[in-house]
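In what follows, a structure is listed as structure tokens, so that the remarks can point back to it.
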Amino acid sequence: MSDFPLPRADLATPALLLDVAAMDRNIAAMAEFARARGLALRPHAKTHKSSEIAKRQIAAGAVGICCAKLGEAEALAAEGVGDIHLTSPVVTRDGIARLTALAGKIRLSVVADHPDAVRALAGCGATLFVDVDPGKHRTGVTSPEAAVMLAAAIVESGLALGGVQYYCGSEQHIAVFADRQAAIVEKTDYLRTVLAALTAAGFDIPIVTGAGTGTFPIDAELGVLTELQVGSYIFLDREYRDCELAGPSFEQALWVDSTVVSANTPGMVTIDAGLKSFATDAGVPVPLSGSARYAFMGDEQGALFGEALPGLAERVTLVPPHCDPTVNLYDRYWLVAGETVTGAWPVTARGRST
């Protein structure tokens, strides 16, 4: 399908929809927030996996982007994105070879949390960041002393020490703002002890990168981070709509359109968007309008329960529960303005999990 514009009603469903105007306003609002506070902005592309969107973020003032996986970075770099920070360690022989090749083409940085990994990365051409564990134990050094040892290993290996990464992922979706703020204040107090140890050991830490859509206004107020890795702000999702957010007001810009395929039972209809259409780690999607309740009904179908339900063959628009992994289920974004489809963008790095 390539003849645009076309009526939204002509799209086969389920379809991933993107309101580019709303997304651009979100991008501009975050860029202005960071600029006004003297913070660098490096949005996380694991949210959108799109070279088109990454370029829009950089054009609006971002210094570059983050990627979670090397494959994402390779895909976006191939489309002209030239400054990427990898937020996950790269430790395998093949991965290090790929990383070295990529560092020869773009400005690239990567985190590490073990001296052996640092030594294996010697000569890779990328800048290294000390990844600091905020307490989840997913990745990162687990003490100020370990941070100092890792920084020493980076310098001894002849690699450039770019700074520290500190991402508090578990705290992003604490629903009540005051509770989220208290958690981040406590986490940041610990980060200060790590930075103090690194400074006392003689290491210059030019960048402290982290934060997310749920915590960036808190992090900005605390004044320790120098760079924001926000991601979901460009789209929003049901998880973030359920939170008391602060900072700029962002708009919902991403949806999934579906169609009612069965209405054989009073108080329920079946739609053509099920487990293959939404990430399932964060509960269920919600209809954009009305009071119907959604339930998964299998791989291909979901159900809506309630009163005043849509009829057979009618469209239903839903807000994804978690935008990042939902996007990864689709090949393309359909760009919409109201009821008109104006174009399509590929999900450039879809499925790049290595």
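Under the side-chain hydrogen bond (donor to acceptor under 3.5 Å, both in side chains) criterion, the residue pairs touching residues 285-307 are K276-E300, with sequence neighbours excluded. Note on residues 68-77: pairs passing side-chain hydrogen bond (donor to acceptor under 3.5 Å, both in side chains), not counting sequence neighbours, are E74-R98. Residue pairs meeting the side-chain hydrogen bond (donor to acceptor under 3.5 Å, both in side chains) criterion with at least one partner in residues 196-209, sequence neighbours excluded, are T209-E227, T209-Q229.
In this structure, the side chain of R315 engages the main chain of A9 through a donor-acceptor pair within 3.5 Å. Of the possible polar contacts, one joining the K55 side chain to the E79 backbone as a donor-acceptor pair under 3.5 Å is found. When atom types are taken as modelled, the side chain of D237 and the backbone of C323 share a donor-acceptor pair closer than 3.5 angstrom. Distance alone, capped at 3.5 Å, is enough to place a donor-acceptor pair between the S88 side chain and the A68 backbone. Panel note: side chain D113, backbone V141; no donor-acceptor pair is recorded below 3.5 Å. Using modelled atom types, one side-chain atom of R238 and one backbone atom of A282 make a donor-acceptor pair closer than 3.5 Å. Side chain of R56 to main chain of E52: no donor-acceptor pair is present (N/O by atom type, distance under 3.5 Å, no hydrogens or angles). When atom types are taken as modelled, the side chain of R350 and the backbone of L329 share a donor-acceptor pair closer than 3.5 angstrom. Proximity of a side-chain donor or acceptor of N26 to a complementary backbone N or O of I234 within less than 3.5 Å is detected. Judged by distance alone, with hydrogens and angles left aside, the side-chain atoms of D133 form a donor-acceptor pair with the main-chain N or O of K136 at under 3.5 Å.
Using a 4.5 Å heavy-atom cutoff, the side chains of F4 and L335 are not in contact. Between V63 and L41 there is no side-chain heavy-atom pair separated by less than 4.5 Å. The closest side-chain heavy-atom distance from T47 to T213 is not below 4.5 Å. The side-chain heavy atoms of V336 and D257, taken from C-beta on, include no pair separated by under 4.5 Å.
Side-chain heavy atoms closer than 4.5 Å link hydrophobic residues (I, L, V, M, F, W, Y) into clusters, and following such links, even through other members, never connects L11 to L18. V286 and L288 end up in the same hydrophobic cluster when Ile, Leu, Val, Met, Phe, Trp and Tyr side chains are linked at under 4.5 Å. Under a hydrophobic clustering in which Ile, Leu, Val, Met, Phe, Trp and Tyr are joined whenever their side-chain heavy atoms come within less than 4.5 Å, directly or via other members, L16 and L6 fall into different clusters. Using a 4.5 Å cut-off between side-chain heavy atoms of Ile, Leu, Val, Met, Phe, Trp and Tyr, with links allowed through other members, Y166 and V148 fall into the same hydrophobic cluster. Tracing side-chain contacts under 4.5 Å through hydrophobic residues (I, L, V, M, F, W, Y), one reaches L121 starting from L70; they form part of the same cluster.
Between A22 and A253, the shortest heavy-atom contact is CB-CB, 4.0 Å. Considering every non-hydrogen atom in both A45 and L76, the closest pair reads CB-CD1, 3.7 Å. Pairing each heavy atom of P310 with each of L304, the nearest pair is CG-CD1, 4.4 Å. The two residues R180 and C243 have their closest heavy-atom pair at NH2-CB, 3.7 Å. Nearest heavy atoms, A151 versus L198: CB-CD2, 3.7 Å. The two residues L312 and A263 come nearest to each other via the heavy atoms CD1-N, 4.3 Å.
Residue R192 places its CZ atom among more than 12 non-hydrogen atoms of other residues, nucleotides or ligands, all under 6.0 Å distant. The number of heavy atoms from other shown groups lying within 6.0 Å of CD (E186) does not exceed 12.
A search for ring-ring contact (aromatic ring centres under 6.0 Å, His included) contacts involving Y240 returns H173, not counting sequence neighbours. T13 pairs by the side-chain hydrogen bond (donor to acceptor under 3.5 Å, both in side chains) definition with T259, D272, not counting sequence neighbours. By the side-chain contact (heavy atoms from CB on, under 4.5 Å) test, E171 pairs with C168, I174, A183, I184, K187, sequence neighbours left out. Evaluation of the side-chain contact (heavy atoms from CB on, under 4.5 Å) rule for P115 yields R119, L150, A153 as partners, not counting sequence neighbours. Considering only residues two or more places apart in sequence or on other chains, H85 meets the ring-ring contact (aromatic ring centres under 6.0 Å, His included) condition with F129. Applying the ring-ring contact (aromatic ring centres under 6.0 Å, His included) criterion to Y233, with sequence neighbours excluded, gives F250. In this structure, the side-chain hydrogen bond (donor to acceptor under 3.5 Å, both in side chains) partners of S232, at least two apart in sequence or on a different chain, are D324.
A perpendicular orientation is assigned to the rings of F216 and F33, their planes being inclined by more than 60° (bins at 30° and 60°).
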Carefully, step by step, assess I53 and Y333 under the rule side chain to side chain contact (heavy atoms under 4.5 Å, CB included). CA-CA 11 Å; I53 296 174; Y333 297 97; 4.1 Å; yes
Which donor-acceptor pairs under 3.5 Å do side chains of residues 217-226 form with protein atoms, sequence neighbours excluded?
residue: D219; atom: OD2; partner: T215; partner atom: OG1; Å: 2.8
residue: T226; atom: OG1; partner: V208; partner atom: N; Å: 2.9
residue: T226; atom: OG1; partner: V208; partner atom: O; Å: 3.4

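Other members of the cluster containing F305 are M268, M297, with ILVMFWY side chains joined at under 4.5 Å, either directly or via other members.
Atom CZ of R8 and atom OG1 of T340 lie 10.0 Å apart (nearest 0.5 Å).
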